[in-house]
Amino acid sequence: AQTVTQSQPEMSVQEAETVTLSCTYDTSENNYYLFWYKQPPSRQMILVIRQEAYKQQNATENRFSVNFQKAAKSFSLKISDSQLGDTAMYFCAFMKPSAGNMLTFGGGTRLMVKP
Amino acid sequence: GAVVSQHPSWVICKSGTSVKIECRSLDFQATTMFWYRQFPKQSLMLMATSNEGSKATYEQGVEKDKFLINHASLTLSTLTVTSAHPEDSSFYICSAGRPGNNQPQHFGDGTRLSIL
């Protein structure tokens, strides 16, 4: 079974600064995908970024980038130029295609962006 | 725009009634959908995997007679909370993904269920 761990229950950052959210996972699979989802107070689940395990290059999406360390089973999210709208819960998730694309979520990190 | 639609978004009802929540994939066919429950300030807990044309697969500890899942078509899965009680009050959310191994899950907007 896969496990996903987010060791930071809460974090805060000043507007325009950079923040990194940590995520580690445990799996014996070789083919899998990793995701970061954002859940603002509206409770919508919004896909932020995804990473294929077979790709060495770290994924980037505008102000969001990841540091994927496959050997260490680490998948951190970096948010640059933080904005007030980035305030949300962030969930790291693991997906195994052989399990019907089922997601395993970490416990979440509550991020507060301060003006 | 949204690719997964979930209704209703908020339900308040009396104890003992049954409540049905719908999850639709809007522009793709989904042979598999997932139902989650989320308590305040906690992560999403997988309840069950909804399989089109067959029985749902429930996670350990989830009562299948309490949470009935039907996936009668490739674009619709329903979750019925039967004889709901206050302890069933929670936020329920579904997800579905486009066909293909590398497709992410898209989520409905969730249903806030309050049982009085």
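Bear in mind that the values here come from a model prediction, so they are computed numbers and not experimental data.
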Below 4.5 Å, heavy atoms only, C-beta onward: do A/Met45 and B/Leu44 meet side chain to side chain? yes
Same cluster or not: are B/Ile93 and B/Leu46 linked, directly or through other Ile, Leu, Val, Met, Phe, Trp or Tyr residues, by side-chain heavy atoms under 4.5 angstrom apart? yes
If we only count heavy atoms from C-beta on, is the B/Pro104 to A/Tyr33 side-chain gap below 4.5 Å? no
Show which residues join A/Leu77 in its hydrophobic cluster (side-chain heavy-atom contacts under 4.5 Å, direct or indirect), or state none. A/Val4, A/Met11, A/Val13, A/Val19, A/Leu21, A/Tyr25, A/Tyr32, A/Leu34, A/Trp36, A/Val48, A/Ile49, A/Phe64, A/Val66, A/Phe68, A/Phe75, A/Ile79, A/Leu84, A/Tyr90, A/Phe94, A/Leu111, A/Val113
How many angstroms lie between CG in A/Asn101 and OG1 in B/Thr31, if you round to the nearest 0.5 Å? 9.0 Å
At under 4.5 Å between heavy atoms, what parts of residues 32-39 of chain B are in contact with chain A? List them by residue number. B/Thr32, B/Phe34, B/Tyr36, B/Gln38, B/Phe39
Name the region of B/Gln105, side chain, backbone, both or neither, that has any atom closer than 4.5 Å to a heavy atom of chain A. both
Quick check: under 4.5 Å, non-hydrogen atoms only, which of residues 62-81 of chain B neighbour chain A? none
Look at atom NZ of A/Lys70 and say whether more than 12 heavy atoms of other residues, nucleotides or ligands are closer to it than 6.0 Å. yes
Within this structure, what is the CD-CZ distance for the pair A/Gln39 and B/Phe107, rounded to the nearest 0.5 Å? 9.0 Å
In terms of hydrophobic clusters joined by side-chain contacts under 4.5 Å, are B/Met45 and A/Phe105 together? no
CD of A/Gln57: more than 12 outside heavy atoms within 6.0 angstrom? no
If I compare all heavy atoms of A/Arg50 with all of B/Gln103, which pair ends up nearest, and what's the gap? NH1-CA, 4.1 Å
If we define contacts as heavy-atom pairs under 4.5 Å, which of A/Gln44, A/Met102, A/Lys96 has the most with chain B? A/Met102
Testing the basics here: between A/Gly106 and B/Ser43, what is the closest heavy-atom pair and its distance to 0.1 Å? O-OG, 2.7 Å
I need the contact set between residues 8-22 of chain B and chain A: heavy-atom distance under 4.5 Å, sorted by residue number. none
What part of A/Leu103 gets within 4.5 angstrom of chain B, counting heavy atoms only: side chain, backbone, both, or neither? both
